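Only one structure is covered here, and it is reproduced in the block below.
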Protein chains: 2
Amino acid sequence: MTEEEIGKTNKFDCILASARKLIEQEGFSSFTMDKLANNAGIAKGTIYLYFKDKNDVLENVLKSGFQTMFNRMTSKVEKKETPEEKIKTLIYENLFYISENKYFFKTVFLDEMHVVFLKKTSQESYNLRRRKYAVFISEIIIKGIDEGIFKNLLDPLKVGFYLISLIKTNAIYNFRNNKVEFNEDLIKSETAEIFDIFIDGIKN
Amino acid sequence: MTEEEIGKTNKFDCILASARKLIEQEGFSSFTMDKLANNAGIAKGTIYLYFKDKNDVLENVLKSGFQTMFNRMTSKVEKKETPEEKIKTLIYENLFYISENKYFFKTVFLDEMHVVFLKKTSQESYNLRRRKYAVFISEIIIKGIDEGIFKNLLDPLKVGFYLISLIKTNAIYNFRNNKVEFNEDLIKSETAEIFDIFIDGIKN
DNA sequence: TTGACTTATGACTATAAAGTCATTATAATA
DNA sequence: TATTATAATGACTTTATAGTCATAAGTCAA
């Protein structure tokens, strides 16, 4: 996984890509700086020229993954008009991104909690990102409540977290049942299912 | 945390209780066998007379916590008649148990994933317990579908996992907002909220 | 070409914590 | 009480891996 192989121009990104690949392959618990150096085709000391410590590497891996997803998702969602369309798009884009980065999320979700390996400060920034996402959803919910579409007594932020957890649960369920090869049809039907339950519940 | 202090007759339970207490206080990541020995008021070697290794301790801590909750919850749920009553009771009992063991679950949920510290085999048994819970819920869902109460096209097992994730998300949300002191009224209103969303969705 | 500066190296150090085992204490039995 | 069996001890060994730093290689301006 040298710079040419990975198609990255700078070492920072090259190391990050190697780290991500390693985590995808072996999970967080067996991720070591020696393996990373080896995998990136550089010496261990070099990593410390670009990253403060191991925690810094892990934090950046998680951060970059989330950032891309969030930016793509929000830009798609903002094009939609109604709260319901927004929510459907949000679910779809999230599942789509997960499917595009399935090996990464398979580890992140199934290994469920990498976060323990982070320092308290990094855990906080991880939680802030989650919260940012929930806040984004809550704004859609609030608009829906104002328009009389959604129930009035809801705590919009909490509802945001509910939706995130449904999406995550769906992905984990499919990973566990080895539906790693999401195709567009599967993503669409899963989107419809989550949307349906979230909006209308399970009642007939 | 000697045997008298903890009110346990045998060392196995005494060690387990100490381990649990330590985990509640400091989380999984800083849990060490030295601390455990110290906290239990025994020598480190003694732990190894009752547990195979550290993994065995952690596995038993998680197992015993889940087992009690599951047994209590199922016995209450089985007394109810309709699928809807069953689901409401299930949510309530789960939240109630969490509130009774708040410091434990605060760590287990917020530290979200302890599981990484377990061996592959223990991770599997952890997942089996989660699955067992989801299967239990799925049986209620199936009954509801048969009776025409719930939507027909649902994957009942997946729906089971959805409900578990909603309950967990609710607990985490309240922990994060420092609502550690659940009283019965709060549990009731949270139960109603989850039930309402799960059954009817967020639509007005 | 030389010297100054930047980047990279990897053997080495430091440390934390799991797990061991010869020794000692306690309990049971004759 | 003496003898044997069982339980407990904690100093010690082992292992894993994060992080360091003296040395070497590469780059570039004068």
Side-chain angles (χ1 to χ4, degrees), chain A residues 1-6 8-20 22-23 25-62 111 114-123, chain B residues 1-6 8-19 21-23 25-62 111 114-123:
Chain A
M1 184 89 26
T2 58
E3 292 193 24
E4 295 102 58
E5 279 167 23
I6 208 107
K8 298 283 175 185
T9 44
N10 68 76
K11 277 239 158 57
F12 183 92
D13 288 341
C14 168
I15 294 169
L16 221 54
S18 273
R20 192 184 145 119
L22 263 178
I23 288 165
Q25 285 166 354
E26 307 184 19
F28 286 92
S29 39
S30 67
F31 175 82
T32 69
M33 296 301 261
D34 283 285
K35 278 184 188 172
L36 175 55
N38 197 48
N39 197 267
I42 56 173
K44 188 154 71 155
T46 309
I47 301 171
Y48 289 87
L49 298 174
Y50 297 90
F51 295 89
K52 201 176 137 281
D53 53 21
K54 188 184 174 183
N55 182 72
D56 193 27
V57 176
L58 293 178
E59 185 173 343
N60 273 285
V61 168
L62 289 169
D111 221 37
H114 52 284
V115 170
V116 238
F117 295 108
L118 300 175
K119 284 181 191 163
K120 275 276 170 310
T121 52
S122 303
Q123 290 186 16
Chain B
M1 183 88 29
T2 57
E3 292 193 23
E4 295 101 58
E5 277 169 25
I6 206 108
K8 296 286 175 183
T9 43
N10 68 75
K11 278 242 159 57
F12 183 92
D13 288 341
C14 168
I15 294 168
L16 220 55
S18 273
K21 188 138 203 176
L22 263 177
I23 288 166
Q25 285 166 354
E26 306 183 20
F28 286 91
S29 38
S30 67
F31 175 82
T32 69
M33 295 302 260
D34 282 286
K35 279 184 187 172
L36 176 55
N38 197 47
N39 197 267
I42 55 172
K44 190 154 68 152
T46 309
I47 301 171
Y48 289 87
L49 297 174
Y50 297 90
F51 295 89
K52 200 174 139 281
D53 53 22
K54 187 185 176 182
N55 181 73
D56 194 28
V57 176
L58 293 177
E59 184 173 343
N60 273 284
V61 168
L62 290 168
D111 221 37
H114 53 284
V115 171
V116 241
F117 294 110
L118 301 176
K119 286 182 189 161
K120 276 276 168 311
T121 52
S122 304
Q123 291 187 18

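Remember, it's a predicted structure, so these values are computed and weren't measured experimentally. A note on names: the letters A, B, ... follow the listed sequences, proteins ahead of strands, and every chain is numbered from 1.
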>> Going by the rule side-chain hydrogen bond (donor to acceptor under 3.5 Å, both in side chains), which residues pair with B:Asp34 if we only count those two or more places apart in sequence or in a different chain?
In response: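 In terms of side-chain hydrogen bond (donor to acceptor under 3.5 Å, both in side chains), with neighbours along the sequence ignored, B:Asp34 is linked to B:Lys44.
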To the nearest angstrom, how far is [X] atom [atom1] from [N] atom [atom2]?
| X | N | atom1 | atom2 | answer |
| --- | --- | --- | --- | --- |
| B:Lys52 | C:dT20 | NZ | C1' | 15 Å |
| A:Ile15 | C:dT7 | CD1 | C1' | 12 Å |
| B:Leu49 | C:dA25 | CG | P | 17 Å |
| B:Asn10 | D:dA7 | CG | C1' | 14 Å |
| A:Ile47 | C:dA8 | CD1 | C1' | 12 Å |
| B:Leu36 | D:dG10 | CG | C1' | 15 Å |

>> If the cut-off is 4.0 Å, is B:Lys11 near the phosphate of D:dA8, judged by side-chain N/O to OP1 or OP2?
In response: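 For D:dA8, OP1/OP2 do have a side-chain N/O of B:Lys11 under 4.0 Å.
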>> A side-chain contact here means heavy atoms from C-beta on lying under 4.5 Å apart; do A:Val57 and A:Met33 qualify?
In response: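 They are in side-chain contact.
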>> Is there a side-chain contact between B:Asn55 and B:Leu58 in this structure, where contact means two heavy atoms from C-beta onward sitting under 4.5 Å apart?
In response: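 They are not in side-chain contact.
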> Is there a donor-acceptor contact under 3.5 Å from the side chain of A:Thr46 to the main chain of A:Ile42?
Replying inline: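 It does not hold such a pair.
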> To the side chain of B:Ile42, which of C:dG10, C:dT7, D:dT9 is closest?
Replying inline: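 The answer is D:dT9.
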> If every non-hydrogen atom of A:Asn39 is compared with every non-hydrogen atom of A:Ser18, which pair is closest and at what distance?
Replying inline: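 So the minimum-distance heavy-atom pair works out to OD1-OG, 3.6 Å.
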> Sequence neighbours excluded, which residues qualify as ring pair (Phe, Tyr, Trp, His ring centres under 6.0 Å) partners of A:Phe51?
Replying inline: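 So A:Phe51 forms a ring pair (Phe, Tyr, Trp, His ring centres under 6.0 Å) with A:Phe12.
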Using atom names, set out every protein N or O paired with an N or O of nucleotides 13-18 of chain D below 3.5 Å, distance rounded to 0.1 Å.
{"unit_1": "D:dA18", "atom_1": "OP1", "unit_2": "A:Lys54", "atom_2": "NZ", "d": "2.8"}
{"unit_1": "D:dA18", "atom_1": "OP2", "unit_2": "A:Met33", "atom_2": "N", "d": "2.7"}
{"unit_1": "D:dA18", "atom_1": "N7", "unit_2": "A:Lys44", "atom_2": "NZ", "d": "3.3"}

> What nucleic acid atoms does B:Tyr50 come within less than 4.0 Å of, heavy atoms only: base, sugar-phosphate, or nothing?
Replying inline: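 Sugar-phosphate contact only.
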